[in-house]
Protein chains: 2
Amino acid sequence: MTTTGIPQPPAPREYSARATEIIAAARAVYEHDGPDALTMRRLGEELGIRAPSLYKHFADKQAVETALIEQSLAEVGAVCHRVVQKTQPGERVAALLRTYREYCVAHPNLYRLATSGPIDRAALTPGLEEWAGSPWFLAVGDPYLAQALWSFAHGMVILEIDGRYEDPSTLPSSWAAGAEAFTAAARNQ
Amino acid sequence: MTTTGIPQPPAPREYSARATEIIAAARAVYEHDGPDALTMRRLGEELGIRAPSLYKHFADKQAVETALIEQSLAEVGAVCHRVVQKTQPGERVAALLRTYREYCVAHPNLYRLATSGPIDRAALTPGLEEWAGSPWFLAVGDPYLAQALWSFAHGMVILEIDGRYEDPSTLPSSWAAGAEAFTAAARNQ
DNA sequence: TGACGGCAGCTAACGTCGTTAGCCATACTG
DNA sequence: CAGTATGGCTAACGACGTTAGCTGCCGTCA
């Protein structure tokens, strides 16, 4: 990976037309009604099909969820790469954090699915995770600080999504405090 | 809450002797064998009892899990308060982060249960969450920066626990980078 | 044209899960 | 000694993921 140009995402997995429909339906259910709503029976219902028929297209429920995870990683990666590319170096940390929060809060269920709990990395498209994470490196220029910054952003987002902050109205100030700390650290890196 | 002395934790909920045994068994199963292993039937088996009998002691499975969450919050809160109290101001951020990571990584399943996913705050002992979070404020002296620091720590820990870092050997450097950034921010606060 | 094979649906069913209803023995308590 | 609360039990329900096995349709090729 060079630091010039936008790293290209790995080629997305190919799905049949019907499988693509299933993924779209699964995403709609998952995003609107939450994790517990996505059952094989409900998913079939959404498509005018019985649950066992889904197994003609996907090995199991986990495979459907993996497709959703990959969609989410690809989207968030694209959004982050774009903002890093079109921002001045000194503004990158703040801009990246702002963009990340915006995307993640807009897709809370999908984001939680993609980033929480153990993951079967072998089932994921190789390179996708790394590509989705590289904007953080581009923003601060140091791999360790990048990992710390991404962890901060993830912590902020996931705790917000899960409603763990007692007073959410304080969140903008906390984002600002974190952005300032990491921007300063990136400067002195 | 004043900033002098150690804030006392709220009084823990009272449980009958049998309920306490059940919680202990649930914790053992949950910590050793993970979230999926804790079923009502398995929990009963562990106690030489049938699953439906558990409902004589707890309203539902969620109530058992809430007890585990409260245990975890109380423990991690105690550990953090202790380290903040016995550390010099300039070293508090680093020491607190070190301690937090140590506890959480030692109890990964419990930590994930206590901090991930939506929470039924009404079912929690009032004040427990706030008390468990106050060491972060004591470490940096600013509520917003404290929230940011805690979010950073949570992000680092939960991603480590869930195996989301491609190369875990880089983690100490990332913790160090984050500690430095937040220590500097707390100084200039 | 007609046989064939595979794709994509179906029903029936299995085992596991949380949970409820209802029964019964033991042990306090009046 | 009667009565009641406590804490077990079995049987069962509905929802879940998943499998087995059947069927109808459609394109291909002799």
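Proteins come first, then strands; the chains are lettered A, B, ... in the order of their sequence lines, and each starts at number 1. Given the structure is predicted, the values throughout are model-derived calculations rather than measurements.
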Inset, instruction - Output, in order, the C-alpha distance, side-chain angles, deciding distance and verdict of salt bridge (Lys or Arg N to Asp or Glu O under 4.0 Å) for B:Glu21 and B:Arg18. - result: CA-CA 5 Å; B:Glu21 285 178 22; B:Arg18 193 55 164 151; 2.5 Å; yes

Inset, instruction - Report the C-alpha distance between B:Tyr103 and B:Glu75 in whole Å, list the side-chain angles of each, state the deciding distance to 0.1 Å, and finish with yes or no for side chain to side chain donor-acceptor pair (under 3.5 Å). - result: CA-CA 9 Å; B:Tyr103 175 86; B:Glu75 284 180 18; 2.7 Å; yes

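Protein atom OH of B:Tyr55 is 21 Å distant from nucleotide atom P of C:dC23, rounded to whole Å. Going from atom CG of B:Leu43 over to atom P of C:dG18 covers 10 Å, rounded to whole Å. In this entry the distance linking CD1 of A:Ile22 with C1' of C:dG9 reads 12 Å, nearest Å. Separating the CD atom of A:Glu45 from the P atom of C:dC10 is a distance of 12 Å, rounded to the nearest angstrom. Taking atom CE of B:Met40 as the reference point, atom P of D:dC9 lies 13 Å away to the nearest angstrom. Between B:Leu54 atom CG and D:dG8 atom P the separation is 9 Å, expressed in whole Å. Summarising the geometry, the separation between CD1 on A:Ile49 and C1' on C:dA8 is reported as 8 Å, rounded to the nearest angstrom. In this structure, CZ of B:Phe58 is placed 15 Å from P of C:dG18, rounded to the nearest angstrom.
Remark: the A:Arg13 side chain and the A:Tyr15 side chain contain an N/O donor-acceptor pair separated by less than 3.5 Å. Side-chain atoms of B:Tyr111 and B:Ser116 include no donor-acceptor pair closer than 3.5 Å. Residues B:Ser151 and A:His154 bring no donor and acceptor atom of their side chains to less than 3.5 Å of each other.
Comparing B:Ala51 and A:His57 by the nucleotide of DNA chain C that holds the closest heavy atom to each, the one mapping nearer the 5' end is A:His57. The residue among A:Lys56 and A:Asp36 whose nearest nucleotide of DNA chain D is located toward the 5' end is A:Asp36. Comparing B:Pro52 and A:Ser16 by the nucleotide of DNA chain C that holds the closest heavy atom to each, the one mapping nearer the 5' end is A:Ser16.
Here the closest non-hydrogen pair linking B:Ala179 and B:Val93 is O-CG1, 4.0 Å.
Of all nucleotides listed (D:dG17, C:dC10, C:dG22), D:dG17 comes nearest to the side chain of A:Arg41. Closest to the B:Thr39 side chain, of the nucleotides C:dC17, D:dG8, C:dT20, is C:dC17. Listed candidates were D:dC9, C:dT11, C:dT19. Nearest to the side chain of B:Arg50 is D:dC9.
For D:dC16, the OP1/OP2 oxygens have no side-chain nitrogen or oxygen of A:Arg42 closer than 4.0 Å. In this model, the phosphate group of C:dC10 is approached by a side-chain N or O of A:Ser53 to a distance below 4.0 Å at OP1 or OP2.
Within the nucleic acid shown, A:Leu47 has no heavy atom closer than 4.0 Å to any nucleic acid atom.
Between A:Phe152 and A:Trp136, a ring centre-to-centre spacing not shorter than 6.0 Å is recorded.
For residues 59-71 of chain B, proximity to DNA chain C is found at B:Asp60, B:Lys61, defined as any non-hydrogen atom under 4.0 angstrom from a strand atom.
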